[in-house]
Amino acid sequence: MSSKKESSFKNMLITLLVITVVAGLALGGVYNVTKEPIALAKKAKAEAAIKAVIPEFDTLQVYKVALEDGTDSLVFNQGYKDGQLVGTAIETFSKNGYDPTPIRVMVGFSATGEIINSEVIEQKETPGLGSKMASDKFKNQFNGKNPTDFMLKVKKDGGNVDAITAATISSRAYCEALQKAHSTYLKDGGSK
């Protein structure tokens with residue numbers, strides 16, 4: 001028969017230490033088991049987004065371009081078919097959404113600089129409000145527009161973009177992500 005442990009500071013400390021070590025090992029194990037499938041799922045989602053924002057391609061050239069302020073970089077995916085550039089898919093982001101999690105967007109530019117299409121890769125905006133940025137109604141207003149003469153700002157801020165009702169912050173963040181991609185695209189030389 002086991003004896004009851006005396007309630008003392010030392011025994012409580014030992015018990016908490018054992019619980020912490022077991023919980024830490026369990027969390028570490030779960031993280032290691034799920035790390036690779038999560039990375040593969042993110043990679044598959046990015047690849048699907050590339051295919052959604054630029055025309056069919058047979059060769060993909062991937063490289064990074066530093067932002068103008070040098071704080072980060074964007075991933076450029078140039079698609080070629082039979083040696084001809086068909087479009088550039090740029091993985092861009094904004095940290096100014098309603099949720100502190102950055103909004104990640106894949107936007108495709110044609111060889112002449114127009115936006116072909118855009119896809120949300122990751123966002124955690126308010127469900128039913130900011131999350132509508134992934135809807136075709138919002139995203140499609142950018143298709144075929146050249147940001148050189150189409151102001152990537154919501155109309156409330158003097159731009160050309162119809163904001164999502166009751167989600168102006170999310171709309172602004174989406175526009176900022178696209179503008180960041182376009183500015184970096186021009187800095188890199190456009191469709192060189």
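All values below come from the heavy atoms of this structure, side chains included, with hydrogens, waters and symmetry mates left out. In this chain, residues are counted from 1 in sequence order.
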So, [X] side chain and [Y] main chain: donor-acceptor pair closer than 3.5 Å or not?
{"X": "Gln141", "Y": "Asp162", "answer": "yes"}
{"X": "Asp157", "Y": "Gly159", "answer": "no"}
{"X": "Ser131", "Y": "Gly128", "answer": "yes"}
{"X": "Lys187", "Y": "Ala66", "answer": "yes"}
{"X": "Ser110", "Y": "Glu114", "answer": "yes"}
{"X": "Asn77", "Y": "Leu60", "answer": "no"}
{"X": "Lys155", "Y": "Ala163", "answer": "no"}

Sole candidate of Val161, Leu178, Ile115 that passes side chain to side chain contact (heavy atoms under 4.5 Å, CB included) when paired with Phe150: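 The option that passes is Val161.
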Residue of the set Thr88, Thr59, Val62 for which side chain to side chain contact (heavy atoms under 4.5 Å, CB included) holds with Gln78: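 The option that passes is Thr88.
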Within 6.0 Å of NZ in Lys153, more than 12 heavy atoms from elsewhere: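 Incorrect, the count does not exceed 12.
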Tyr98 OH: over 12 foreign heavy atoms closer than 6.0 Å: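 No, OH of Tyr98 has 12 or fewer neighbouring heavy atoms, counting only those of other groups under 6.0 Å.
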Verdict with reasoning, Phe57 to Ile50, per side-chain contact (heavy atoms from CB on, under 4.5 Å): CA-CA 10 Å; Phe57 54 88; Ile50 292 168; 3.9 Å; yes
Met133 reachable from Val105 in the ILVMFWY side-chain graph, under 4.5 Å edges: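 Val105 clusters together with Met133.
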Connected via hydrophobic side-chain network under 4.5 Å: Phe138 and Ile169: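 Different hydrophobic clusters.
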Test side-chain contact (heavy atoms from CB on, under 4.5 Å) applied to Gln123 and Tyr174, step by step: CA-CA 10 Å; Gln123 60 86 19; Tyr174 197 92; over 6 Å; no
Stepwise side-chain contact (heavy atoms from CB on, under 4.5 Å) check, Leu67 with Lys180: CA-CA 8 Å; Leu67 295 175; Lys180 189 180 292 182; 3.6 Å; yes
Stepwise side-chain contact (heavy atoms from CB on, under 4.5 Å) test for Gln179 and His182: CA-CA 5 Å; Gln179 184 61 54; His182 185 254; 4.2 Å; yes
